[in-house]
Amino acid sequence: MSETLHSTSNSARDSHCSSCGAPYGEGVDGWPRTCPACATVAYRNPLPVAVALQPVYDTKGTALVVITRTIAPARGGIALPGGYIDDREDWRQAVVRELREETGIDAAAREVRLADAMSSPDGHLLLFGLLPERPADRLPATAPTDETEGWHLLHRPEELAFPLHTLAVRGFFEGRYI
């Protein structure tokens, strides 16, 4: 069994059919591609990512909740809370799940509205969910999580770890998502 696992782990990514396991063979590249063994057509689709725009207000004005990442990519960088949408998960549920996992802040999926959708050059589709503004003094205390050093507030646009997060933050502070 370990030989099978070893040989599978050394296979080139996307070199075998995900339906029957047959190799695509030499010269089969690009997308979509058809399996020579079972004729299943495979597509490479964007990976959907849900990103939370959680506005808050304090004595300094309006801000957005951001996190400091402790995982790759962009370890140590500042980013909006977000992550991959799970299989069969509604994108609004993913926004509030990621917000809770990365900040401890609870929100209701029914209150999330689509602020923006952007495609990244590396094949991700980012859905930016805007939540209702809330007072900063009612948020849970910042604390490290499995993926973050904790959360803090961003009171003005600045360069974030991911270019599309930077664009969304700029859009929020310019009033485009109101």
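Position 1 is the first residue of the sequence, and the numbers go up from there. Values reported hereafter were calculated over all heavy atoms of this structure, with side chains retained and with hydrogens, waters and symmetry mates removed. Since this is a predicted model, take the numbers as computed values, not measurements.
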A.B. asks: Tell me which one of T40, V28, V41 satisfies side chain to side chain contact (heavy atoms under 4.5 Å, CB included) with T34.
C.D. replies: V41
A.B. asks: Would you please test Y24 and C17 for side chain to side chain contact (heavy atoms under 4.5 Å, CB included) and show each step?
C.D. replies: CA-CA 7 Å; Y24 282 113; C17 175; 4.1 Å; yes
A.B. asks: Report the distance from atom NE2 of H152 to atom CG of L64, rounding to the nearest 0.5 Å.
C.D. replies: 11.0 Å
A.B. asks: Between CG of D146 and OG1 of T70, what distance do you get to the nearest 0.5 Å?
C.D. replies: 8.0 Å
A.B. asks: Quick check for you: to the nearest 0.5 Å, what is the distance between L130 atom CG and E111 atom CD?
C.D. replies: 11.0 Å
A.B. asks: Within the structure provided, determine whether T145 and I67 are in side-chain contact (heavy-atom separation under 4.5 Å).
C.D. replies: no
A.B. asks: Quick one: do W151 and L131 end up in the same hydrophobic cluster if we chain Ile, Leu, Val, Met, Phe, Trp and Tyr together by side-chain heavy atoms under 4.5 Å apart?
C.D. replies: yes
A.B. asks: Taking the side chain as every heavy atom from C-beta outward, state whether T103 and L139 have any atom pair closer than 4.5 Å.
C.D. replies: no
A.B. asks: A side-chain contact here means heavy atoms from C-beta on lying under 4.5 Å apart; do C20 and C35 qualify?
C.D. replies: yes
A.B. asks: Is there a side-chain contact between N45 and Y43 (heavy atoms, below 4.5 Å)?
C.D. replies: yes
A.B. asks: I'd like to check L127 versus V95 (side-chain heavy atoms, cut-off strictly below 4.5 Å). Are they in contact?
C.D. replies: no
A.B. asks: What is the distance from atom CZ of R138 to atom CD1 of I105, rounded to the nearest 0.5 Å?
C.D. replies: 14.0 Å
A.B. asks: Please report, to 0.1 Å, the donor-acceptor pairs under 3.5 Å made by any side chain of residues 47-62, with sequence neighbours excluded.
C.D. replies:
from, atom 1, to, atom 2, distance (Å)
Q54, NE2, P132, O, 3.0
D58, OD1, K60, N, 2.9
D58, OD1, G61, N, 3.3
D58, OD1, H155, NE2, 3.1
D58, OD2, H155, NE2, 3.1
T62, OG1, E133, OE2, 3.2

A.B. asks: Evaluate L154 against L80 for side chain to side chain contact (heavy atoms under 4.5 Å, CB included), listing each step before the verdict.
C.D. replies: CA-CA 10 Å; L154 187 67; L80 293 164; over 6 Å; no
A.B. asks: When clusters are formed by joining ILVMFWY residues with side-chain heavy atoms under 4.5 Å apart, either directly or through shared neighbours, do L99 and V112 land in the same one?
C.D. replies: yes
A.B. asks: Please give me the minimum heavy-atom distance between G82 and E98, naming the atom from each residue.
C.D. replies: O-OE1, 3.3 Å
A.B. asks: Please list all pairs meeting ring pair (Phe, Tyr, Trp, His ring centres under 6.0 Å) that have one or both residues in residues 77-107, counting only residues at least two apart or in different chains.
C.D. replies: Y84-H124
A.B. asks: As a quick check of understanding, evaluate side chain to side chain contact (heavy atoms under 4.5 Å, CB included) for L126 and H165, giving each step before the final call.
C.D. replies: CA-CA 9 Å; L126 280 70; H165 288 210; 3.9 Å; yes
A.B. asks: Of all heavy-atom pairs between P23 and P36, which one has the smallest distance, and what is that distance?
C.D. replies: O-CG, 3.9 Å
A.B. asks: Ignoring hydrogens and angles, tell me if any N or O in the side chain of T166 forms a donor-acceptor pair with the backbone of L160 under 3.5 Å.
C.D. replies: yes
A.B. asks: What's the shortest heavy-atom distance between R97 and I85, and which atoms?
C.D. replies: NH2-CA, 4.3 Å
A.B. asks: Can you name the nearest heavy-atom pair linking L125 to S119, along with the distance?
C.D. replies: CD1-OG, 3.9 Å
A.B. asks: So, taking the atom named CG in D87 and the one named CD in E89, what distance separates them when rounded to the nearest 0.5 Å?
C.D. replies: 9.5 Å
A.B. asks: Does R156 have more than 12 heavy atoms from other residues, nucleotides or ligands lying within 6.0 Å of its CZ?
C.D. replies: no
A.B. asks: Show me the side-chain donor-acceptor pairs of residues 169-178 shorter than 3.5 Å, one per line, residues at least two apart or across chains.
C.D. replies:
from, atom 1, to, atom 2, distance (Å)
E174, OE1, R176, NE, 3.2
E174, OE1, R176, NH2, 3.2
Y177, OH, D116, OD2, 2.7

A.B. asks: How long is the span from the CD1 atom in I78 to the CD atom in E158, to the nearest 0.5 Å?
C.D. replies: 7.0 Å
A.B. asks: T142 side chain to G150 main-chain N or O, any donor-acceptor pair under 3.5 Å?
C.D. replies: no
A.B. asks: Does T148 offer a backbone N or O that forms a donor-acceptor pair with the side chain of R69 under 3.5 Å?
C.D. replies: no
